[in-house]
Engineer: 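Quick one: the structure is below, questions incoming.
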Amino acid sequence: MKKKKRLLGAAGLFTLVLFLSGCSTKPVTGNSTGFWDHYIIWNFSRAIVWLSNLFGGSYGVGIIVFTIIIRIIILPLMQYQMNSSRKMMDIQPQMKALQTKYSSRDVETQQKLQGEMSKLYKDAGVHPFASMLPLLVQMPVLIALYQGIQRTSVLRSGTFLWMELGKADPYFILPVLAALLTFATSKLTMMGQVQQSGIQNVLLLWGMPVMILFMAISLPSALAVYWVVTNAFSVGQTLLLMNPFKLRAEREAKEQKKRDLERQLAKARRSKKRK
């Protein structure tokens, strides 16, 4: 199940790169037709320009404010995903036990394993694909942001700090920062997990930052601005909603309580035996 989610995530990002590379370059205006161009791209473009004018005419600041607004809007979805992830962490020992019990690779055993896993998910109130929801929501936002910038002349030629928003960052500063913040988000998420695998470490901890780095290097710097802001938001969100240091402390306290109880029971049994 975890492998499927990782493959879906990688496939989604790869699809995004292909989609962005083949997007239309025709200017978008209020007269553009079609649901995507008229209602999505045009309104994204108008919102960014309006926010930019509101904050002194800086299109970079407009993108930053727009990104923060988007993140606030999807915050309930992110909180649901994090709660689901925490529940998934809590049932990892049971999942491991089931995988050990039904370790045979024959069809009948694997069907039993899937049935037991489904029952475990249902009892715990979690959905194994809940972690994919934020990615699926953010993909259209990225595509719309890219097209809004590329197909709106004032945004495409707008500047922010040392960059021209319609072109890649010439010094690779934002791509590197976006990759580092992606790494920080993945690291904090993994620190809160009960069990970790080597494959998961490679794909989650290193794979995503590398993909973000190469995409941010080749795509307009406006997207790098979006990634920096959204990943910085994710770091703060993770520390606030699913702090790994707090989770570890709670887990250690629970284990210590369990050990203390076992010692008390063992002491009571010895005392009873002596009597």
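Sequential numbering from 1 along the given sequence is applied to the chain's residues.
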Engineer: Determine, using the 4.5 Å side-chain heavy-atom cutoff (strictly less than), whether F214 and W227 are members of one ILVMFWY cluster.
Structural biologist: no
Engineer: Locate the shortest heavy-atom distance separating A184 from V235; write the atom from each residue and the value.
Structural biologist: CB-CG2, 4.0 Å
Engineer: Using links of under 4.5 Å between side-chain heavy atoms of ILVMFWY residues, direct or through other members, which residues join I217 in one cluster?
Structural biologist: F172, V176, L180, L213
Engineer: Using every non-hydrogen atom in the two residues, find where I40 and A144 come nearest and quote the distance to one decimal.
Structural biologist: CG2-CB, 3.8 Å
Engineer: Say whether W36 and Y39 are linked into one hydrophobic cluster, either directly or through other cluster members, by side-chain heavy-atom distances under 4.5 angstrom.
Structural biologist: yes
Engineer: Given side chains that start at C-beta, do those of M211 and T182 come closer than 4.5 Å, heavy atoms only?
Structural biologist: no
Engineer: Could you measure the distance from the CZ atom of R151 to the OG atom of S45? Nearest 0.5 Å is fine.
Structural biologist: 10.0 Å
Engineer: I'd like to know whether L155 forms a side-chain contact (heavy atoms from CB on, under 4.5 Å) with V49, so could you lay out the CA-CA distance, the side-chain angles of the two residues, the decisive distance to 0.1 Å, and finally the verdict.
Structural biologist: CA-CA 8 Å; L155 293 178; V49 170; 4.0 Å; yes
Engineer: Suppose the criterion is side chain to side chain donor-acceptor pair (under 3.5 Å): which pairs have a residue in residues 47-65, not counting sequence neighbours?
Structural biologist: none
Engineer: Supply the atom-to-atom distance K167 NZ to E164 CD, rounded to the nearest 0.5 angstrom.
Structural biologist: 4.5 Å
Engineer: Can you tell me how far OG1 of T185 sits from CD1 of I212, rounded to the nearest 0.5 angstrom?
Structural biologist: 10.0 Å
Engineer: Mind checking the CD1-CD1 spacing from I63 to I68? Nearest 0.5 Å is all I need.
Structural biologist: 12.5 Å
Engineer: Test of understanding: clusters of I, L, V, M, F, W, Y form through side-chain heavy atoms closer than 4.5 Å, transitively. Do I41 and I73 belong to the same one?
Structural biologist: yes
Engineer: Quick one: CD1 on I64 to CD1 on I69, what's the gap to the nearest 0.5 Å?
Structural biologist: 12.0 Å
Engineer: Find out whether T152 and V28 are in side-chain contact, i.e. whether some heavy atom of one side chain is under 4.5 Å from a heavy atom of the other.
Structural biologist: yes
Engineer: Restricting to ring-ring contact (aromatic ring centres under 6.0 Å, His included), what partner residues turn up for F183, sequence neighbours left out?
Structural biologist: W206
Engineer: Using side-chain contact (heavy atoms from CB on, under 4.5 Å) as the criterion, list what pairs up with I70, not counting sequence neighbours.
Structural biologist: F66, V141
Engineer: Answer yes or no: is there a side-chain heavy-atom contact under 4.5 Å between F160 and S221?
Structural biologist: no
Engineer: Please list all pairs passing the side chain to side chain donor-acceptor pair (under 3.5 Å) test where one or both residues lie in residues 61-78, with sequence neighbours left out.
Structural biologist: R71-Q138, R71-T230, R71-S234
Engineer: Kindly write out the residues that satisfy side-chain contact (heavy atoms from CB on, under 4.5 Å) with L177, not counting sequence neighbours, or none if the list is empty.
Structural biologist: L174, L181, V228
Engineer: If I take atom NE2 from residue H38 and atom OG1 from residue T33, how far apart are they, to the nearest 0.5 angstrom?
Structural biologist: 9.0 Å
